[in-house]
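I'd like to ask you about the structure that follows.
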Amino acid sequence: QVQLVESGGGLVQAGGSLRLSCAASGRTFSNYIMGWFRQDPGKEREFVAAINLNGGTTGYADSVKGRFTISRDNAKNTVYLQMNSLKPEDTAVYHCAADRKLYSPRTVVSQAAEYDYWGQGTQVTVSS
């Protein structure tokens, strides 16, 4: 069992930056593919970014590519999402997720249904 706790959300003006963190419990964090998703009320959960086990491979949604950066620190059991050049359409609750299944080393996962554990989320609001 893994517990995930997000932090770092808040209110920011368009063009600003935020850094989200997701702290994971347990001693096997380095065995999990990690991802960030976001969800607005009334909309489906949307893939944002994912990172493989050692942090060497990342994947992004087209809508955030070039603006967001996912990273992880396995020694600290934490995954990050650096968000730059924020836009009002980035407003959502951001969730981190962990996938415990075995994959090839460079795999990242973008499908929400594949993830096994989810955090409660942190609100990001971008004003215009």
Side-chain angles (χ1 to χ4, degrees):
Q1 190 75 12
V2 173
Q3 289 188 326
L4 304 173
V5 179
E6 302 94 337
S7 61
L11 173 63
V12 64
Q13 286 189 332
S17 298
L18 283 173
R19 188 194 195 202
L20 305 184
S21 299
C22 172
S25 65
R27 295 181 291 178
T28 58
F29 177 75
S30 59
N31 292 342
Y32 296 91
I33 289 174
M34 299 299 297
W36 285 98
F37 292 79
R38 64 188 182 189
Q39 189 167 20
D40 237 356
K43 295 184 180 179
E44 292 198 0
R45 192 162 289 186
E46 176 189 14
F47 168 72
V48 175
I51 191 166
N52 75 326
L53 301 181
N54 67 3
T57 304
T58 57
Y60 298 92
D62 288 342
S63 59
V64 307
K65 204 171 291 183
R67 299 187 298 122
F68 291 10
T69 303
I70 187 171
S71 61
R72 67 190 297 163
D73 185 337
N74 287 343
K76 295 183 178 179
N77 283 12
T78 302
V79 62
Y80 305 97
L81 186 68
Q82 177 68 43
M83 305 186 296
N84 298 329
S85 303
L86 282 161
K87 304 175 181 180
E89 51 263 43
D90 294 318
T91 295
V93 176
Y94 283 71
H95 299 266
C96 70
D99 185 344
R100 65 182 177 183
K101 293 181 286 295
L102 294 176
Y103 295 97
S104 59
R106 296 183 179 180
T107 299
V108 294
V109 178
S110 61
Q111 297 84 8
E114 296 297 327
Y115 284 82
D116 302 292
Y117 304 105
W118 292 85
Q120 291 299 308
T122 184
Q123 176 71 47
V124 171
T125 303
V126 184
S127 62
S128 57

| message | Between Lys65 and Asp62, does any side-chain N to carboxylate O distance fall below 4.0 Å? | response |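 Asp62 and Lys65: salt-bridged.
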| If you measure from CD on Gln120 to CG on Leu4, what distance do you get to the nearest 0.5 Å? |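 One finds 10.0 Å between CD of Gln120 and CG of Leu4.
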| said: Ignoring hydrogens and geometry beyond distance, is a side-chain donor-acceptor pair present between Ser17 and Asn84 at under 3.5 Å? | reply: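 Yes, because at least one side-chain N or O of Ser17 sits under 3.5 Å from a partner of the opposite role on Asn84.
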| task | Apply side chain to side chain contact (heavy atoms under 4.5 Å, CB included) to Lys101 and Thr107, showing your working. | result | CA-CA 11 Å; Lys101 293 181 286 295; Thr107 299; over 6 Å; no
| field | Pairs where residues 42-78 contributes a residue and the test disulfide (SG to SG under 2.5 Å) is met, not counting sequence neighbours | value |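 Listed by first then second residue: nothing to list.
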| query | Among pairs that include at least one residue of residues 78-112, which meet ring pair (Phe, Tyr, Trp, His ring centres under 6.0 Å), considering only residues two or more places apart or in two chains? | reply |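 Pairs touching residues 78-112 that pass the test: none.
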| query | Do side-chain atoms of Thr91 reach the backbone of Val126 as a donor and acceptor pair under 3.5 angstrom? | reply |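 At least one qualifying donor-acceptor pair exists.
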| Face-on cation placement of Arg72 at Phe29 ring, 6.0 Å and 45° thresholds |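 Satisfied, under 6.0 Å and within 45°.
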| Connected hydrophobic set around Leu11, excluding itself, where side chains approach under 4.5 Å |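 None; Leu11 is a cluster of one.
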| task | Measure the CE-CD1 distance between Met34 and Ile70 for me, rounded to the nearest 0.5 Å. | result |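 Going from the CE atom of Met34 to the CD1 atom of Ile70 covers 7.5 Å.
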| query | Which pairs pass disulfide (SG to SG under 2.5 Å) with one or both residues in residues 99-128, sequence neighbours excluded? | reply |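 Every pair satisfying disulfide (SG to SG under 2.5 Å) with a residue in residues 99-128: there are none.
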| query | Got a sec, which pairs hit disulfide (SG to SG under 2.5 Å) with one end in residues 7-107, sequence neighbours left out? | reply |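 Those involving residues 7-107 are Cys22-Cys96.
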| request: Could you list who else is in Leu102's hydrophobic cluster, with ILVMFWY side chains joined at under 4.5 Å, directly or through other members? | output: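 None; Leu102 is a cluster of one.
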| field | Ser21 vs Lys76, side chain to side chain contact (heavy atoms under 4.5 Å, CB included): CA-CA, chis, key distance, verdict | value | CA-CA 11 Å; Ser21 299; Lys76 295 183 178 179; over 6 Å; no
| CD of Glu89 to OG of Ser128: how many Å apart, nearest 0.5 Å? |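 One finds 10.0 Å between CD of Glu89 and OG of Ser128.
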| task | Take Arg67 and Asp90 through the test side chain to side chain contact (heavy atoms under 4.5 Å, CB included) and record every step on the way to the result. | result | CA-CA 11 Å; Arg67 299 187 298 122; Asp90 294 318; 2.7 Å; yes
| task | Apply side chain to side chain contact (heavy atoms under 4.5 Å, CB included) to the pair Val109 and Phe47, showing each step before the final yes or no. | result | CA-CA 9 Å; Val109 178; Phe47 168 72; over 6 Å; no
